[in-house]
Amino acid sequence: MTSEQRILLVGCGNMGAALLRGWLGQGTAASRICVIDTEPAARAVADELGVAALPTLQSDVAADVIVFAVKPQQLDATLADYRSLAGGDTAVLSIAAGKTIGDFEAVLGHNTAIMRAMPNTPAAIGRGISAVVANAAASAAQRDCAEALLHAVGDVVWLSDERLMDVVTAVSGSGPAYVFLLIEALIAAGERQGLEPALARELAQATVAGAGAYAAESPLDPAELRKQVTSPGGTTQAALAVLMAKGGIEELIDGAVAAATARSRELAG
Ligand SMILES: NC(=O)c1ccc[n+]([C@@H]2O[C@H](COP(=O)([O-])OP(=O)(O)OC[C@H]3O[C@@H](n4cnc5c(N)ncnc54)[C@H](OP(=O)(O)O)[C@@H]3O)[C@@H](O)[C@H]2O)c1
């Protein structure tokens with residue numbers, strides 16, 4: 001992203017606001033950004049950050065990149081309004097789940113650079129990961145721009161095949177919910193074994209955060225790290241005998257990711 005680029009952010013809800021904070025935090029001038037959001041409370045968020053916010057697209061608004069961060073069902077009613085900006089040098093970056101590059105090309109034309117991304121909620125603290133895929137019209141510079149915009153809220157990986165977006169959605173898009181469920185279950189189990197709720201929560205949260213950071217930083221495979229904490233006949237082994245039994249966590253996660261992948265395919269039509 002060059003310091004001259006003008007960004008139009010359509011939708012400043014949970015994910016849009018996380019992106020906006022990320023861009024400003026990385027030093028993008030507020031004057032380079034314009035927010036469009038129909039919801040007054042979302043525009044107030046932009047106002048507080050010193051970014052101009054409008055309820056609808058005005059004819060004098062220009063952009064080098066339009067970032068769509070509205071709900072997928074809201075996009076259908078919105079996209080045609082942006083046709084006037086498409087087709088030239090303006091690129092589109094969408095984070096709307098299930099909306100394909102083809103959906104955008106059908107309205108904005110095949111000559112428009114379209115990039116489709118799937119971020120996840122740790123983006124709110126700059127620790128997300130986004131997978132992104134581009135159409136043939138996107139130039140290297142436009143891809144770099146999209147990558148820089150997403151990088152403001154975490155890591156970025158490129159996909160060569162858009163069809164992988166369904167399983168990406170199932171693994172990293174929905175994945176934070178699986179981890180939150182693991183934290184919930186650890187808290188509840190700790191309480192059942194006698195811990196005070198606040199202490200159970202502190203232990204469970206710190207354990208998941210620490211183990212995640214350790215797995216990310218260590219050169220070792222997660223399986224190797226697991227073996228390192230598992231002494232023969234010890235406490236961890238007693239727990240893993242339950243978790244790794246038939247019908248245990250591996251089969252459950254496998255079924256969960258398969259169900260989410262299938263649902264993502266269904267939603268994309
Ligand atoms: N949250 C996640 O974990 C996550 C992860 C990956 C991808 N995504 C994708 O990110 C997108 C946004 O999700 P979100 O959770 O941030 O949603 P959100 O909080 O509902 O934000 C969307 C915002 O856009 C506004 N809006 C609706 N129609 C509009 C229009 N025509 N023009 C301008 N603004 C409009 C909404 O206003 P109203 O409230 O008035 O409708 C709302 O303020 C979704 O497509 C989702 O698939 C989210």
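Atoms within a ligand are numbered from 1 in the order they appear, just like the ligands themselves.
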Mark up the atoms of ligand 1 that fall under 4.0 Å of a heavy atom belonging to Ala42, in ascending order.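 In order of number, 43 (O).
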I'd like to check which ligand 1 atoms, numbered from 1 as shown, lie under 4.0 Å from a non-hydrogen atom of Val10.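 Within the 4.0 Å cut-off of Val10, ligand 1 contributes 32 (N), 33 (C).
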To check your reading of the model: name the closest protein heavy atom to [atom], its residue, and the distance in Å.
{"atom": "atom 3 (O) of ligand 1", "result": "Thr121 CG2, 2.9 Å"}
{"atom": "atom 40 (O) of ligand 1", "result": "Glu39 OE1, 3.3 Å"}
{"atom": "atom 10 (O) of ligand 1", "result": "Ile95 CD1, 3.3 Å"}
{"atom": "atom 6 (C) of ligand 1", "result": "Pro119 O, 3.2 Å"}
{"atom": "atom 47 (O) of ligand 1", "result": "Ala97 N, 2.9 Å"}
{"atom": "atom 19 (O) of ligand 1", "result": "Asn14 N, 3.0 Å"}
{"atom": "atom 21 (O) of ligand 1", "result": "Gly13 CA, 3.2 Å"}
{"atom": "atom 13 (O) of ligand 1", "result": "Lys71 NZ, 4.0 Å"}

Counting heavy atoms only, which of Asp76, Asp37, Asn120, Thr38 is nearest atom 43 (O) of ligand 1?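 Minimum heavy-atom distance to atom 43 (O) of ligand 1 goes to Asp37.
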Counting only heavy atoms, tell me which of Thr169, Thr78, Val35 gets closest to atom 30 (C) of ligand 1. Thr78
Crowding at [atom1], [X] (>12 non-hydrogen neighbours, <6.0 Å):
{"X": "Gln228", "atom1": "CD", "answer": "yes"}
{"X": "Glu266", "atom1": "CD", "answer": "yes"}
{"X": "Arg226", "atom1": "CZ", "answer": "yes"}
{"X": "Gln193", "atom1": "CD", "answer": "no"}
{"X": "Arg6", "atom1": "CZ", "answer": "yes"}

Give me the one residue out of Leu75, Ile95, Leu8 that meets side-chain contact (heavy atoms from CB on, under 4.5 Å) with Phe68. Leu75
Do you know which of Ile114, Thr100, Ile101 makes side-chain contact (heavy atoms from CB on, under 4.5 Å) with Val133? Ile101
Can you tell me which portion of [X] lies within the under-4.0 Å heavy-atom range of ligand 1? Options are side chain, backbone, both, or neither.
{"X": "Lys99", "value": "neither"}
{"X": "Ala69", "value": "backbone"}
{"X": "Gln74", "value": "side chain"}

For ligand 1 and [X], I'd like to know whether there is a polar contact (N/O to N/O, distance under 3.5 Å).
{"X": "Met15", "result": "yes"}
{"X": "Val70", "result": "yes"}
{"X": "Tyr82", "result": "no"}
{"X": "Met118", "result": "no"}

Check for me, please, whether Leu57 and Leu79 land in the same ILVMFWY cluster - side-chain distances under 4.5 Å, paths through other members count. yes
Ion pair present between Asp76 and Lys99, side-chain N to carboxylate O less than 4.0 angstrom?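 Result for this pair is yes, salt bridge flagged.
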CG-CD1 distance between Leu19 and Ile33, expressed to the nearest 0.5 angstrom: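 Answer rounded to 0.5 Å: 10.0 Å.
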Can you measure from OG (Ser130) to CE (Met115) and round to the nearest 0.5 angstrom? 13.0 Å
